[in-house]
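Numbers restart at 1 for each chain; the letters A, B, ... are given by sequence-line order, proteins then strands.
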2 protein chains.
Amino acid sequence: MANPKKAQQNTILDIAEALKLSPATISRALSGHPYVKEKTKNDVLKMAAQLGYRRNNMASGLRSNKTHTIGLIVPRISMFFHAEVITTIQNGLHKYGYNLIICQSNDSLDMEKELAEILFSSRVDALIAACTLHTVDFSHFDKLLLNGTPVVFYDRVPLNEQHAAIIKGDDFRGGYIATTHLIETGCKRIAHISGPLTSNLYQDRSSGFQQAMEQHKLPVNKIWVFHQELTHTNAREAMRKMFEGEVTPDGVFTDNDTSAIAALEFAREKGINVPGDLKIIGYSNDPRTSIITPSITTIEQFPDEVGKKIVETLMDLLKSGGNNVDERIQPIIIPVQLIRRMTT
Amino acid sequence: MANPKKAQQNTILDIAEALKLSPATISRALSGHPYVKEKTKNDVLKMAAQLGYRRNNMASGLRSNKTHTIGLIVPRISMFFHAEVITTIQNGLHKYGYNLIICQSNDSLDMEKELAEILFSSRVDALIAACTLHTVDFSHFDKLLLNGTPVVFYDRVPLNEQHAAIIKGDDFRGGYIATTHLIETGCKRIAHISGPLTSNLYQDRSSGFQQAMEQHKLPVNKIWVFHQELTHTNAREAMRKMFEGEVTPDGVFTDNDTSAIAALEFAREKGINVPGDLKIIGYSNDPRTSIITPSITTIEQFPDEVGKKIVETLMDLLKSGGNNVDERIQPIIIPVQLIRRMTT
DNA sequence: TTGTATGCGTTATCAC
DNA sequence: GTGATAACGCATACAA
């Protein structure tokens, strides 16, 4: 077992000395530079392994202005969708030799700002961000952009960003097909438990909801439309309010699965028959929706596709070295899909 | 919006020039050094803000040999327990001005080794690790230890590590109280779906199981004891095998909740009455266990407590600067608790 | 309280 | 192909 006494890092100078070569040659050999004799390269690699040498990323980054590190800011890693996206990104970047610094904003704008600063301090080669629900002004990312650091937004994205890549789900269509599905399965009085309209996600899903309703000539009851943080308790409270009234909804579309679960639990407790008297559809295809009884119909967002697209986009941006940064980057929209289960 | 042209980083020299001061003074002012005139300090801070200055962590770290960055290796961030622990750690470290680099090993030993190397390259100030199920030899962490970098293991930990801190749940007791609970609620024929015995987790839970059975003079049927990766399909397969036989279990203790869910689903499909004819208890208090019908009895591991203890331990180690590293560090055991629900 | 000088480990730019 | 040297941005020992 290790016997820690004092730091004793080997540097390229140690390798150089051991091999009677210059540090420059060692550096070249280690970074796969073309003009190094094959034998020299092998010697260096062998000696490096022998001495347990590991490149100091700080020195390397300072000199070369490349960290091979990507920053990531998400609201919460515990959200199923984000956990999946992150995993895909991390595995994808790893193949290209990039590391990922994962940071959580806890859906706090102040934290998000601070994290952007910190990641800038670390001189990440690029930044990936899924913003908070309250991020309307995105200027805290400008310092990165100004510095030529590529920024990729996903999920919760700015609406008019000229210089950053944008990858998002088809939230309009998600809202539309969810609502249409409720209508097609017979719902006439549809409620919508949505998130705050500060976020593009809920704007788009709400538009989809509206359009489906209009298209089928169904009235939207404003008392049944909620824009609030999508927590379990908020959803429950919304359900309570709606089912106090004389006329009650026969369909609920919630903008996340936590709310759908809350709605279902409420219905079960009140003895409301699901899907007989009330149909419920959620959003995200959280694993919990397939486990609960009855299992919940929801919208699949394909986190894996999102993650892959992010990596792909990022690699393009990094390769082009900020050259294509002046042309406006088109947002990439990932399709969504209805997952029909027992609540509809 | 940002108009990215070329990199234009400000350094302390820019501030120094603008203020007709020396770089040294700027450095001191920015890092809260005591011997700086109040006015100077304010001037510097103001100018730094004005120029949008942000310290370059690589340069700072290279010089001071401190990165204010902690590395973290986990099998998967999507596991509920780990997601919670990580969040607590991240929030805790943030208060002390430390950042966290989160890495996933995907339960691959090779990946874990590589991540340890990478994090060493980044010269993290400390490393936190929850190892893979297959990590028996922990020598890939020795380089960090040798270098004086504190290492804290949690959850899946080495058994005889002299120089690293260890924080773990009370798995023996978890196994014991889970089994005892089944016995006390009337089970006589108890099965145990456990993980591979290469991991301390399942060794300890298995010992707890054994002891409870012995203590209550119940025989352990070896055909009902499984040591395998704790996946949904593996658990299902185990159930299938057990319920092919003449005599079938009346209680199942699974070492994670995914397996408990699989067991419950199997029982529901086969029309086995739970908890009437079969009682089930899981491990970890995953949110899914409280959502499924019937809700599953499980063992709470208090990820929040684990996370807090990790931060606390880490801060001690960092403060002492590796001085107490020669004395053997005692493992810290976090208590567990039975959460009784409808499957028992 | 501030300035001067040096070096952290690596890589880029020249030479040879 | 390889070597010498400077420079990346900052923090610190020492001097003033």
S.K.: Could you list the residues that satisfy side-chain hydrogen bond (donor to acceptor under 3.5 Å, both in side chains) with B:Gln50, not counting sequence neighbours?
M.R.: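 B:Gln50 satisfies side-chain hydrogen bond (donor to acceptor under 3.5 Å, both in side chains) with no residue once adjacent residues are dropped.
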
S.K.: Could you list by number each residue of residues 52-59 of chain A showing a heavy-atom separation from DNA chain C of less than 4.0 Å, or answer none if no residue does?
M.R.: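 Per residue number, the list reads A:Tyr53, A:Arg55, A:Asn56, A:Ala59.
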
S.K.: Can you list the residues that meet the salt bridge (Lys or Arg N to Asp or Glu O under 4.0 Å) rule with B:Asp110, with sequence neighbours excluded?
M.R.: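 Not a single residue meets the salt bridge (Lys or Arg N to Asp or Glu O under 4.0 Å) criterion with B:Asp110.
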
S.K.: What residues from residues 35-46 of chain B pass a heavy-atom cutoff of under 4.0 Å to DNA chain C?
M.R.: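 Heavy-atom cutoff 4.0 Å gives B:Tyr35, B:Val36, B:Lys37, B:Thr40.
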
S.K.: What is the distance, to the nearest angstrom, from the CD1 atom on A:Ile26 to the C1' atom on D:dG1?
M.R.: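 Atom-to-atom, A:Ile26 to D:dG1, this comes out as 13 Å.
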
S.K.: Could you give the angle between the helix axes at the two ends of the helix from C:dT1-D:dA16 to C:dC16-D:dG1, with five pairs per end, rounded to 10 degrees?
M.R.: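 Result, rounded to 10 degrees: 30°.
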
S.K.: Which side-chain N or O atoms in residues 111-125 of chain A pair as donor and acceptor under 3.5 Å with protein atoms at least two apart or in another chain?
M.R.:
residue: A:Glu112; atom: OE1; partner: A:Thr132; partner atom: N; Å: 2.9
residue: A:Glu112; atom: OE1; partner: A:Thr135; partner atom: OG1; Å: 3.3
residue: A:Glu112; atom: OE2; partner: A:Thr135; partner atom: OG1; Å: 2.9
residue: A:Glu112; atom: OE2; partner: A:His140; partner atom: NE2; Å: 2.8
residue: A:Glu114; atom: OE1; partner: B:His94; partner atom: NE2; Å: 3.4
residue: A:Glu114; atom: OE2; partner: B:His94; partner atom: NE2; Å: 2.8
residue: A:Glu117; atom: OE1; partner: B:Arg54; partner atom: NE; Å: 2.9
residue: A:Glu117; atom: OE2; partner: A:Lys143; partner atom: NZ; Å: 3.2
residue: A:Ser121; atom: OG; partner: B:Arg54; partner atom: NH1; Å: 3.4
residue: A:Ser121; atom: OG; partner: B:Arg55; partner atom: O; Å: 3.0
residue: A:Ser122; atom: OG; partner: A:Ile118; partner atom: O; Å: 3.4
residue: A:Ser122; atom: OG; partner: B:Asn57; partner atom: ND2; Å: 3.2
residue: A:Arg123; atom: NE; partner: B:Gln9; partner atom: OE1; Å: 3.3
residue: A:Arg123; atom: NH1; partner: A:Phe120; partner atom: O; Å: 2.8
residue: A:Arg123; atom: NH2; partner: B:Arg54; partner atom: O; Å: 3.3
residue: A:Asp125; atom: OD1; partner: A:Thr67; partner atom: N; Å: 3.0
residue: A:Asp125; atom: OD1; partner: A:Thr67; partner atom: OG1; Å: 3.1
residue: A:Asp125; atom: OD2; partner: A:Thr67; partner atom: N; Å: 3.3
residue: A:Asp125; atom: OD2; partner: A:His68; partner atom: N; Å: 2.7

S.K.: Mind checking salt bridge (Lys or Arg N to Asp or Glu O under 4.0 Å) for A:Lys308 and listing every partner two or more places apart, or none if nothing turns up?
M.R.: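 Checked A:Lys308 against salt bridge (Lys or Arg N to Asp or Glu O under 4.0 Å); matches are A:Asp304.
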
S.K.: Separation of A:Arg123 atom CZ from D:dC10 atom C1', in whole Å?
M.R.: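 After rounding, the reported distance stands at 11 Å.
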
S.K.: Can you check the A:Gln9 CD to C:dT10 P distance for me, whole Å?
M.R.: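 In whole Å, C:dT10 P lies 9 Å from A:Gln9 CD.
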
S.K.: Suppose we screen for salt bridge (Lys or Arg N to Asp or Glu O under 4.0 Å). Which residues come up paired with A:Lys39, at least two apart in sequence or across chains?
M.R.: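 Per chain and number, A:Lys39 pairs via salt bridge (Lys or Arg N to Asp or Glu O under 4.0 Å) with A:Asp43.
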
S.K.: Under 3.5 Å between N/O atoms: give me all the protein pairs with nucleotides 13-16 of chain C, atom names plus distance.
M.R.:
none

S.K.: Between B:Lys41 and B:Glu38, is there a salt bridge with N-O shorter than 4.0 Å?
M.R.: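 Not counted as a salt bridge, because no side-chain N and carboxylate O are separated by less than 4.0 Å.
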
S.K.: Less than 4.0 angstrom between a side-chain N/O of B:Thr25 and OP1 or OP2 of C:dG3, yes or no?
M.R.: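 Yes, such a contact exists.
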
S.K.: May I have the distance from B:Leu62 (atom CG) to C:dT10 (atom P), rounded to whole angstrom?
M.R.: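 In whole Å, C:dT10 P lies 9 Å from B:Leu62 CG.
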
S.K.: C:dT11 phosphate, OP1 or OP2: any side-chain N/O from A:Ser60 under 4.0 angstrom?
M.R.: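 A:Ser60 to C:dT11 OP1/OP2: side-chain N or O found under 4.0 Å.
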
S.K.: Using whole Å, report how far CG of B:Asn147 lies from C1' of C:dG9.
M.R.: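 One finds 14 Å between C1' of C:dG9 and CG of B:Asn147, rounded.
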
S.K.: Is a side-chain donor-acceptor pair under 3.5 Å present for A:Ser108 with A:Ser105?
M.R.: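 Judged by distance alone, the side chains do not pair up.
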
S.K.: Heavy atoms under 4.0 Å, any strand shown: does B:Ser27 hit a base, just sugar-phosphate, or nothing?
M.R.: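 Base contact.
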
S.K.: Test A:Ile12 against every option in A:Thr25, A:Leu30, A:Val44 by the side chain to side chain contact (heavy atoms under 4.5 Å, CB included) rule and name the one that passes.
M.R.: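 The residue from A:Thr25, A:Leu30, A:Val44 that satisfies side chain to side chain contact (heavy atoms under 4.5 Å, CB included) with A:Ile12 turns out to be A:Leu30.
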
S.K.: Output the rounded distance in Å from NE2 (B:His68) to P (D:dC10).
M.R.: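 Atom-to-atom, B:His68 to D:dC10, this comes out as 14 Å.
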
S.K.: D:dC10 P sits how many Å from B:Asn10 CG, rounded?
M.R.: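 Between P of D:dC10 and CG of B:Asn10: 10 Å.
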
S.K.: Let's go through B:Phe141 and B:His163 carefully: what are the C-alpha distance in whole Å and the side-chain angles of both, what is the deciding distance for ring pair (Phe, Tyr, Trp, His ring centres under 6.0 Å) to 0.1 Å, and is it a yes or a no?
M.R.: CA-CA 11 Å; B:Phe141 297 108; B:His163 304 288; over 10 Å; no

S.K.: Once you round it to whole Å, what is the distance between P of C:dG9 and CG of A:Leu30?
M.R.: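 In whole Å, C:dG9 P and A:Leu30 CG are 15 Å from each other.
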
S.K.: Would you call the rings of A:Tyr154 and A:Phe81 parallel, tilted or perpendicular if under 30° counts as parallel and over 60° as perpendicular?
M.R.: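 Because their plane-to-plane angle lies in the 30° to 60° range, the rings of A:Tyr154 and A:Phe81 count as tilted.
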
S.K.: Pair A:Ile73, A:Leu127 - check side-chain contact (heavy atoms from CB on, under 4.5 Å), show working.
M.R.: CA-CA 8 Å; A:Ile73 302 177; A:Leu127 179 66; 4.2 Å; yes

S.K.: Name all residues meeting the side-chain hydrogen bond (donor to acceptor under 3.5 Å, both in side chains) criterion together with A:Asn99; count only those two or more places apart in sequence or in a different chain, and write none if there are none.
M.R.: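 Scan of A:Asn99 (side-chain hydrogen bond (donor to acceptor under 3.5 Å, both in side chains), adjacent residues dropped) gives none.
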
S.K.: Once you round to the nearest 0.5 Å, how far does NZ of B:Lys168 lie from CG of B:Leu159?
M.R.: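 Reported to 0.5 Å precision, the distance equals 8.5 Å.
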
S.K.: State whether the side chain of B:Thr11 and the backbone N or O of B:Leu13 hold a donor-acceptor pair below 3.5 Å, judged by distance alone.
M.R.: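 Present.
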
S.K.: Any donor-acceptor pair under 3.5 Å linking the side-chain atoms of B:Thr87 with those of A:Gln104?
M.R.: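 Short answer, yes.
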
S.K.: Listed by chain and number, what are the salt bridge (Lys or Arg N to Asp or Glu O under 4.0 Å) partners of A:Asp14, not counting sequence neighbours?
M.R.: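 If we apply the salt bridge (Lys or Arg N to Asp or Glu O under 4.0 Å) test to A:Asp14, skipping adjacent residues, there are no hits.
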
S.K.: In residues 11-21 of chain A, what residues come within less than 4.0 Å of DNA chain D, judged by heavy atoms?
M.R.: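 The stretch gives A:Lys20, A:Leu21 as the residues lying under 4.0 Å from the strand, ordered by number.
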
